Each structure stands twice: as structure tokens, then as C-alpha cells.
Amino acid sequence: MEYNHNEIEKKWQKYWKENETFKTDVWDFSKPKYYVLDMFPYPSGQGLHVGHPEGYTATDIIARMKRMQGYNVLHPMGWDAFGLPAEQYAIKTGNHPNGFTERNIKTFTRQLNMLGFSYDWSKEVSTSDPKYYKWTQWIFKQLFEDGLAKYVDMPVNWCEELGTVLSNDEIINGKSERGGYPVVRKNLKQWVIDIPKYAERLLENLDKIDWPESTKEIQRNWIGKSVGANVDFSIADTDDKLTVFTTRPDTLFGATFMVLSPEHPIIEKYADRITNIEDVRKYRDAAALKSELERTDLAKEKTGVRIEGLEIINPVTNSPLPIYAADYVMMNYGTGAIMAVPAHDQRDYDFAKKFNIPIIQVIDGGDISKEAYTGDGKMINSGFLNGITTKKEAIEKMINVLEEKGIGKKSINYRIRDWIFARQRYWGEPVPVLHFDDHIESLPDNELPLVLPELDNYSPSKKGEAPLERATNWVNVEKNGKKAKRETSTMPGSAGSSWYFLRYIDPNNDKVFADKKLLDHWMPVDLYLGGVEHATGHLLYSRMWNNYLFDKGLVPTEEPFSKLVHQGMILGSNGEKMSKSRGNVINPDDIVKNYGADSLRVYEMFMGSLEDSKPWSDTGIEGARKFLDRFYRLFSDISKISDTPNFNLEKEYHKTVKKVTTDYENLNFNTAISQIMIFVNAAYKEKNIPREYAEGIIKLFNPIAPHITEELWSMYGHTDTITYESWPTFDESKTIDEEIELPIQINGKVKGTIVISLDADEQTVKDSAHKELTNLLEGKNIIKEIYVKNKIYNIVIR
RNA sequence: GCUGAUGUGGCGAAAUUGGUAUACGCACUGCACUCAAAAUGCAGCGGGAAACCAUGUGGGUUCGAGUCCCACCAUCAGCACCA
């Protein structure tokens with residue numbers, strides 16, 4: 001019988017929809033739960049690309065297997081629907097971005113259904129839906145009231161072209177990620193979320209979750225914890241002091257100058273004492289014009305200016321030291337001031353060389369005439385530290401002394417910055433606050449959601465004002481007789497995605513963001529799948545929100561995702577990233593039409609390891625299709641299926657059940673498929689296939705190729721979906737060979753094999769091994785013989 | 001520069017974690033079926049005539065290394081004047 005993918009796939013998709021096959025009753029606590037989640041997509045105008053189904057198929061396989069294993073499975077899908085393309089469409093056409101977004105969502109939904117994913121669409125959420133963002137605003141409100149969402153004046157990355165602020169991860173090489181426009185630094189009042197407050201928790205909790213080690217490392221680096229000390233330096237002839245953060249307090253005796261960030265406020269404070277204040281100001285203004293990248297890109301050549309008329313006192317040597325302003329010191333890390341130890345820090349060394357500042361070596365080693373010495377060694381020129389040989393000991397002693405004198409203390413710094421939580425854009429969640437003349441107030445709950453007003457024109461104004469400024473009726477309000485203004489910037493895309501996994505559990509609740517009992521039952525997410533590119537964005541933000549909600553007693557676990565896996569990228573057949581400009585894009589619609597959804601699923605799972613990037617291959621997809629043809633041909637031939645046992649297949653069947661089950665659990669889908677192929681190859685050689693085996697293999701294959709297996713299942717006389725049939729079991733004893741081929745080695749090289757019974761005793765093996773290799777052993781001096789049971793027999797000769 | 005990952009046939013990739021390297025598939029070759037082709041089924045398929053040689057390169061540990069250790073090379077990713 002011919003395998004007609006089109007007919008079969010349509011038929012079963014219709015059946016699943018009509019029977020609500022995948023609908024989950026979240027209140028059914030009688031079965032163990034399993035929550036398996038995909039990172040929800042941004043519904044772009046291009047529709048699904050072939051990369052999406054890779055991860056979605058993987059989670060679908062797990063969802064389908066877990067259902068058959070008796071779990072109550074939550075497997076939802078939704079939309080990260082706020083975003084720039086919809087906004088740009090609105091600017092261009094003057095239409096509301098919502099229409100554009102909804103059209104795209106329709107396309108995505110059709111495509112996902114066409115691929116046979118077992119999502120429970122009754123749980124669908126969309127971040128741009130006011131019923132959803134009501135709760136995004138509500139969570140923001142809690143953060144604001146708890147002081148974690150703050151309105152502060154800060155330097156930001158400003159993109160003139162886009163008319164908005166960008167976060168660090170939206171900037172690539174000093175240009176905006178989208179469009180590649182220049183980015184400059186500028187001071188602005190900004191909404192930020194105090195994610196540094198959670199730095200330590202986010203760091204510590206990494207040890208509690210089953211995530212790829214590399215992703216944890218990316219987050220650790222991003223959080224960037226460094227332990228050191230804050231040390232106070234007094235400014236000569238004043239009562240003022242400057243505090244620096246250093247990770248090397250042990251080198252304090254070698255500090256020969258201080259460097260301030262050009263924006264450091266102390267400069268303006270002592271403007272009248274600084275004799276060259278104009279030069280310093282000029283330097284500062286020039287630095288502000290540079291984007292962060294330019295500032296860091298010119299790494300080789302240090303620039304700076306001496307602050308004349310002001311000196312600083314080294315607290316341990318009491319020598320007066322010069323102060324410089326230089327843009328290699330950042331205002332937003334540490335204290336914006338550093339003590340410079342040129343002998344033991346390369347940057348300070350370069351600076352000192354350029355400005356002719358003395359270099360004092362305090363750790364023995366290296367060659368200070370050539371470069372800074374950053375290694376370990378004996379302390380020298382260091383007063384009370386002299387003679388100490390380990391860094392750790394020197395640091396401890398120095399900190400003790402500083403603490404006794406009250407001029408320093410142990411301190412920890414994090415690299416992670418405040419999360420900038422506002423964009424000068426229209427298509428995002430409105431920030432639910434009112435600005436009064438003298439204070440800011442969050443909206444009361446009953447005014448949520450604060451819905452986006454409609455506009456005639458969605459572009460930002462010339463001055464870079466947010467589009468919402470145009471909605472004057474909406475912006476200007478009066479409350480209790482006082483005039484107030486609404487916030488006109490909106491939340492960033494990462495707002496709605498920071499908690500959507502909670503909403504899936506109870507998507508229609510209008511009393512709370514999700515029922516506590518349901519959250520207690522369903523959280524955390526058991527398996528979360530998506531791309532690595534979110535490592536320092538979404539995956540950090542959502543962890544922070546979840547930890548915060550946990551602290552408020554609103555969710556049951558600190559960490560939202562107990563297990564995380566990243567799918568690799570599917571590259572074009574030329575090994576390059578798929579893109580329109582390279583002309584190597586594969587459209588899933590075409591593939592499904594020509595080969596079928598099951599073929600696409602099988603192929604993408606068979607390509608290789610889920611986590612690796614791998615190139616698309618046209619012959620590969622054909623191969624997958626051929627296997628499905630072969631599979632269908634074999635199992636649809638009912639005349640071969642019977643209740644007669646066939647011992648030729650017994651072992652392979654039990655092996656297959658075992659391997660496929662464990663491979664699925666470990667997300668090794670490629671080897672699971674190869675095992676099913678091995679069984680099919682074996683079955684082709686047989687005249688009769690026991691019904692039990694045929695049905696078992698069909699069930700095993702169902703998670704990967706759901707349509708073809710439903711069809712075959714129904715051909716065997718079953719009237720119900722295969723979805724909730726029980727998962728096949730295997731008998732361990734039947735997977736074991738009673739006779740095995742044992743390799744015989746001489747000096748570790750295989751010279752032959754013998755057939756032995758399983759667990760044969762050493763003497764028997766030795767005898768047949770010697771017999772097998774008589775020729776090679778003749779006249780040789782046997783030094784040693786090694787027998788590893790059922791693995792190998794090795795004879796060492798000289 | 002720092003951090004992390006990867007490197008196996010013509011190609012996509014396996015290898016129970018130290019025990020017969022190249023499973024499974026693609027491509028290719030041959031045979032069967034066919035007037036023929038396609039499709040399908042079956043068989044072969046790292047190199048070498050062989051001894052042997054092959055898992056990026058060079059060392060090491062071990063009876064035995066794709067797997068462990070050291071050094072290096074290449075590719076990819078993240079961070080990047082973070083004090």
C-alpha cells in the first residue's frame with residue numbers, strides 16, 4: 001500500500017483537533033505531572049523556518065512519550081508578540097501593529113499544526129494581549145513598590161536612528177543589532193530593574209539546576225563576581241576621601257597614582273582647585289561622545305589627563321600621589337576610581353609608561369622593565385607584608401590592617417548592570433505609573449491593565465521622544481486634583497517573556513496571575529528547550545523574576561527551569577547560517593508538502609545530536625522519507641502480522657524498546673531512530689512479525705512520527721488515538737546475548753575473535769583464546785594475560 | 001587577551017564512558033525485478049597487494065586510548081581596559 005503523507009497527516013490533525021486529544025486538565029493531580037516547554041517564538045512576518053521545528057519536535061517527542069508513560073503533561077505554546085518588526089510595519093503603514101501581529105500568529109499556528117505538534121492550544125498566551133500584560137504590569141508594580149524597579153538618571157546606549165535606548169545585548173560591535181546604526185552614550189532618566197541585587201542568588205542557584213555547563217559559565221561570566229576590598233584614600237589638604245575597589249589590596253604599597261573615570265563627580269566638586277579644569281572637562285566631553293565600544297576598542301593606546309592641583313595620599317605609605325582622569329576607568333563599575341599599581345597590572349603599566357609615572361615593584365618576579373608582573377611571588381617593598389609568599393595570605397593581612405585602621409574593608413563587586421527596563425517605542429507594555437511633580441506612583445490594581453492607546457502615527461518624534469507622547473489625552477491625567485503624566489516609554493521585549501511559563505498553567509485567571517495551588521503543583525518546568533542566544537537575556541531575567549516571586553511567596557520554587565537544553569542551529573546545505581541574502585533558506589511549508597511533516601520530524605531528529613549545529617541536506621530529507629515508506633510498507637502489510645511468535649525478532653525487539661526508551665529520555669533521538677531502523681531491517685527478513693512487536697514498534701515511533709503511526713495503529717483495528725496507549729516495556733533478560741564474540745588481543749591489538757557463552761569462566765576463555773592464536777603464540781614469552789569479562793582477552797608477550 | 005565548546009570515512013554522524021573505531025543513514029558500486037528507466041529488494045563499501053596504517057598535530061600514562069594527562073594547531077561561541 002502506498003504511503004500518502006498528505007492524506008494521512010490531514011486526517012489525523014483533524015482528528016486531534018476535533019477530539020481535543022492534547023488538552024490537559026491542570027486540576028487533575030491524580031497522575032504525576034510533567035511540564036515540557038519550548039521557548040515561545042516571536043511571530044515574525046517570515047513565518048516558521050526549519051530551525052524552529054527542531055526544538056519543537058524534541059519537546060513534542062518527550063511530551064508524547066510522557067503521556068504514554070502515564071504522566072499528566074503540560075505542553076503549551078504562545079507568542080512573544082511585542083517587538084520591533086510589528087512596530088516598523090505600523091510606522092510604515094500607519095496601521096496598528098496588532099493586526100500585523102495577529103496575522104503572523106495565524107500563520108505560525110497553521111504551521112505548527114501542520115507539523116503535528118501536540119500543543120494544548122487552550123493554554124495559548126500572547127504577551128501583547130491586555131489580559132496577559134495586565135499581569136506583566138502587575139508584577140512590575142510589585143517590583144516598583146519593593147524598590148527593585150527604579151527610575152534613575154543613567155548613561156545609556158542611545159541609538160539616534162532607531163530613536164531608542166538599547167541594552168548591551170542589543171549592540172553588536174558598537175552598532176545596533178537591528179539595522180546596524182551607530183550607538184552613542186547619553187544620560188537619560190530610565191526605568192531599570194535592580195538585577196544586581198539578585199546577583200549572588202543567581203550565581204549560587206546555578207549549582208542547583210540541570211543546565212548545560214557552558215550556559216552556566218556564560219551566566220557566571222556575565223554576573224562577573226569579583227572579590228576584593230574597598231580602600232579609602234584621602235585627598236591631600238581636604239577632609240575628603242576617594243574610595244577605590246581593588247581585587248589586589250596586597251599590592252597597595254605599589255600604588256603610585258590614582259585614575260578616575262572622567263565623569264567622576266569629585267572632579268566638579270573640586271573644580272576651583274583643579275588648575276587645568278578646562279582640559280579635564282574637554283577630555284570628559286570627548287570621552288562621552290565615544291560609544292562604549294570605541295572607548296574599549298582603542299584598548300592599545302591609553303589616553304588620559306592629569307588632574308593638576310589635587311593629590312591623593314597612599315594610606316599605607318603616606319606618600320602623595322598624582323590623580324588622572326582616563327576613560328579606561330568606568331563610572332558604572334566599582335567606585336569609578338582605581339588605585340593604579342603599574343608594576344602588577346598591565347593597563348596601569350601602559351598608562352604609567354606613557355605618563356612617566358614611577359613603577360614600584362612589590363611582588364618579586366617577572367621583568368618589570370618590560371611588562372607588568374601579574375604572577376605570584378614574595379612580597380617586597382611592602383612594609384608589614386614583606387616576606388609573605390602567597391597572594392592569599394598577603395590579601396588577608398592587608399585587609400585586616402585596613403579594617404583595624406578603619407580605612408578599608410572586604411568588598412564584592414559584580415559586573416552585571418541594572419537591567420534597563422524601558423524603550424522609547426510604542427509596541428510594548430505601558431509602564432503602569434503616574435509621574436507627579438514631586439513623586440511617582442504606581443497605578444492601583446483596578447486600573448490594570450493599562451491599555452495602549454491607538455495612535456495615528458507610530459513613529460518616534462524628531463527629538464527622540466517616545467511615540468506615546470503623541471497620545472496627549474492618554475498621557476495627561478488628573479488624579480486627586482493633581483496633574484500627572486503617564487510614562488511614555490514602554491517595557492522591553494524581555495518583560496513579557498520573563499514569566500510566561502507561569503501563565504500557561506492558568507492562562508485565563510483574572511484574579512491572580514496564576515492560581516497558587518496550580519503553581520505549587522506544576523512548577524518548576526521539568527524540561528525547557530530553546531536557543532543559547534538567550535543565555536544572558538531572557539534566561540537571566542526570568543530567573544530573577546522567578547526568584548523574586550519566590551521571595552514574595554507567590555511561586556513554589558526559586559528556579560523556574562530545572563532542566564534546560566539548547567538545540568543547535570540548522571545551517572544551510574553549504575554549512576553557513578540560513579539567510580535570505582545567502583539564498584540557502586529552506587521553507588518548512590515546501591518540505592511538508594513534498595515529503596510530509598513526519599519526514600521533516602524524522603529527518604531533523606536523525607541529523608545528529610540535538611545540541612550541535614548541523615547543515616541541511618536535501619538528500620537527507622529524502623532518506624528520511626524513504627525510511628517512512630519502508631516503515632509503512634512493512635507494517636501496513638497486515639498479512640505478515642500475526643500472533644505467531646517469532647524468536648528471530650525477540651532479542652532485537654526487546655533491545656529496541658530498551659534503547660529507544662533510554663535514548664528518548666536522554667534526548668538522543670538520532671540513535672533512537674537508528675535503532676528503529678535496525679529493527680525494521682531485521683523485520684524485513686522475516687515472513688511473519690508478531691503483532692505485539694509490530695504494535696510496540698509503532699508506539700515507540702509515535703512520538704517522532706505521530707501521523708503515520710496513528711494511521712498504522714488504526715489499521716490494526718484500534719478505534720482510539722494511540723496517544724494514551726501505554727508505553728512498551730522490555731524484558732532485560734531477553735536483551736542479552738547468551739553467546740558473545742570475544743575479541744582476543746596480543747599486546748592490545750585485536751588478532752582474532754572467539755565465541756564464548758556469556759559470563760564464561762576465565763580458564764575456558766584462556767583455553768580457546770590460546771587455541772585460536774596458536775600460530776602467533778608459538779615460541780613467545782607470555783608475560784601477562786588480562787581477561788575483562790565479556791569484553792576482551794588480552795595476551796601480553798615479548 | 002580571558003572563558004567555554006568542537007575536531008572521527010566522500011558526506012550527516014555512532015561508539016554501553018578505558019576494551020573489536022566507523023553503528024545507522026546519505027552518496028557510490030554490483031545483483032535481482034523490468035523491454036527499459038524509476039521505484040523496490042538483496043549485497044558490498046576507511047586506506048593498503050600484504051604486513052600493517054588510520055579518530056586535528058606532537059608527546060605521555062596504561063596490558064589496552066577516539067575516550068584520561070601535558071603541549072600545540074584549527075574552527076565556532078560568549079566576554080572583553082571590570083580595577
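No experiment lies behind these values; they were computed from the predicted model shown. Sequence lines set the chain letters: A, B, ... in the order given, protein chains first and strands last, and positions in each chain run from 1. Values reported hereafter were calculated over all heavy atoms of this structure, with side chains retained and with hydrogens, waters and symmetry mates removed.
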Handout entry: N/O (side chain, A/Lys784) to phosphate O (OP1/OP2, B/C63) under 4.0 Å
Key = yes
Handout entry: Residue matched to B/C2 through Watson-Crick or wobble contacts both under 3.5 angstrom
Key = B/G78
Exercise for the section: Describe the nucleic acid contact of A/Lys751 in one word from base, sugar-phosphate, nothing, applying a heavy-atom distance below 4.0 Å. Expected result: sugar-phosphate
Completion exercise
Between A/Lys659 and A/Arg248, whichever has its closest RNA chain B nucleotide further toward 5' is A/Lys659
Exercise for the section: May I ask you to say what A/Arg220 touches in the nucleic acid, namely base, sugar-phosphate or nothing, with a heavy-atom cut-off under 4.0 Å? Expected result: nothing
Practice task
Determine: side-chain N/O of A/Ser226 to OP1/OP2 of B/A83, distance under 4.0 Å, yes or no.
Solution key: yes
Exercise for the section: Report yes if a donor N or O on one partner sits less than 3.5 Å from an acceptor N or O on the other, where the partners are the side chain of A/Gln745 and the base of B/G19; otherwise report no. Expected result: yes
Practice task
Check the angle between the aromatic planes of A/Tyr664 and A/Phe669 and answer parallel, tilted or perpendicular using the 30° and 60° thresholds.
Solution key: tilted
Practice task
Pick base, sugar-phosphate or nothing for A/Lys614, based on heavy-atom distances below 4.0 Å to the nucleic acid.
Solution key: sugar-phosphate
Practice task
Assign A/Gly623 to base, sugar-phosphate, or nothing according to its heavy-atom contacts below 4.0 angstrom with the strands shown.
Solution key: sugar-phosphate
Fill in the blank from the handout: Picking from B/A83, B/C24, B/G19, the nucleotide nearest the side-chain atoms of A/Ile792 would be B/G19
Practice task
Describe the nucleic acid contact of A/Tyr414 in one word from base, sugar-phosphate, nothing, applying a heavy-atom distance below 4.0 Å.
Solution key: nothing
Fill in the blank from the handout: pair_partner(B/A43), Watson-Crick or wobble, both distances < 3.5 Å, evaluates to B/U29
Exercise for the section: Pick base, sugar-phosphate or nothing for A/Val796, based on heavy-atom distances below 4.0 Å to the nucleic acid. Expected result: sugar-phosphate
Handout entry: 5' precedence on RNA chain B between A/Ala337 and A/Asn790 (nearest-nucleotide basis)
Key = A/Asn790
Practice task
Flag this pair as yes if the NZ/CZ of A/Arg543 is under 6.0 angstrom from the six-membered ring centre of A/Trp211 and inside a 45 degree cone about the axis; otherwise no.
Solution key: yes
Problem - Close aromatic pair by centroid cut-off 6.0 Å: A/Phe351 and A/Phe257 - result: yes
Completion exercise
Syn within 90° of 0, anti beyond: B/G78 is anti
Exercise for the section: Give A/Lys577 one of three labels, base, sugar-phosphate or nothing, depending on what nucleic acid heavy atoms sit under 4.0 Å from its own. Expected result: nothing
Exercise for the section: Using only heavy-atom distances, decide whether a donor-acceptor pair under 3.5 angstrom links the side-chain of A/Asn221 to the base of B/C79. Expected result: no
Exercise for the section: Would you kindly check if the NZ (Lys) or CZ (Arg) of A/Lys766 is within the cone defined by 45 degrees around the ring axis of A/Tyr787 and under 6.0 Å from the six-membered ring centre? Expected result: no
Exercise for the section: Considering just the side-chain nitrogens and oxygens of A/Arg415, establish if one lies under 4.0 Å of OP1 or OP2 belonging to B/A83. Expected result: no
Exercise for the section: Please work out which of the three classes, parallel, tilted or perpendicular, describes the rings of A/Phe679 and A/Tyr653, given edges at 30° and 60°. Expected result: perpendicular
Practice task
Name the closest nucleotide to the A/Lys749 side chain, picking from B/G12, B/A27, B/C53.
Solution key: B/C53
Exercise for the section: Verify the contact: side-chain N or O of A/Lys626 to OP1 or OP2 of B/C26, cut-off strictly under 4.0 Å; return yes or no. Expected result: no
Problem - Per A/Asn681 side chain, nearest of listed nucleotides B/G25, B/A83, B/A13 - result: B/G25
Practice task
For A/Ile678, report the nucleic acid contact type (base, sugar-phosphate, nothing); a contact means any heavy atom under 4.0 Å.
Solution key: sugar-phosphate
Handout entry: Given B/C81, B/U20, B/U3, the nucleotide with the shortest approach to the side chain of A/Glu217
Key = B/U3
Handout entry: Phosphate-side-chain proximity, A/Asn670 and B/A14, N/O vs OP1/OP2 below 4.0 Å
Key = yes
Practice task
Output the single nucleotide from B/G12, B/A83, B/U20 whose closest atom is nearest the side chain of A/Pro615.
Solution key: B/G12
Exercise for the section: Please measure how far the C1' atom in B/A38 lies from the corresponding atom in B/G48, and state the result in whole Å. Expected result: 37 Å
Exercise for the section: Determine the Euclidean distance between corresponding C1' atoms of B/A36 and B/U20; express it in Å to zero decimal places. Expected result: 45 Å
Exercise for the section: If the glycosidic angle is within 90 degrees of 0 it's syn, otherwise anti, so just tell me which one B/U61 is. Expected result: anti
Exercise for the section: For A/Asp345, report the nucleic acid contact type (base, sugar-phosphate, nothing); a contact means any heavy atom under 4.0 Å. Expected result: nothing
Practice task
Describe the nucleic acid contact of A/Thr335 in one word from base, sugar-phosphate, nothing, applying a heavy-atom distance below 4.0 Å.
Solution key: nothing
Handout entry: Check against side-chain contact (heavy atoms from CB on, under 4.5 Å), A/Thr256 and A/Asn314
Key = CA-CA 8 Å; A/Thr256 54; A/Asn314 182 320; over 6 Å; no
Handout entry: Out of B/G19, B/U20, B/C26, whichever nucleotide has its closest atom nearest the side chain of A/Thr619
Key = B/C26
Exercise for the section: Any strand is fair game: report the nucleotide pairing with B/A37 by Watson-Crick or G-U wobble, both distances under 3.5 Å, or none. Expected result: none
Completion exercise
A/Asn794 has its side chain closest, among B/G64, B/C81, B/A14, to B/G64
Problem - A/Tyr328 vs B/A83: side-chain N/O to OP1/OP2 distance below 4.0 Å - result: no
Exercise for the section: Indicate, with a heavy-atom threshold strictly under 4.0 Å, whether A/Thr247 touches base, sugar-phosphate, or nothing. Expected result: sugar-phosphate
Handout entry: Short side-chain N/O contact to B/G41 OP1/OP2 from A/Arg633, under 4.0 Å
Key = yes
Handout entry: Close aromatic pair by centroid cut-off 6.0 Å: A/Trp222 and A/Tyr414
Key = no
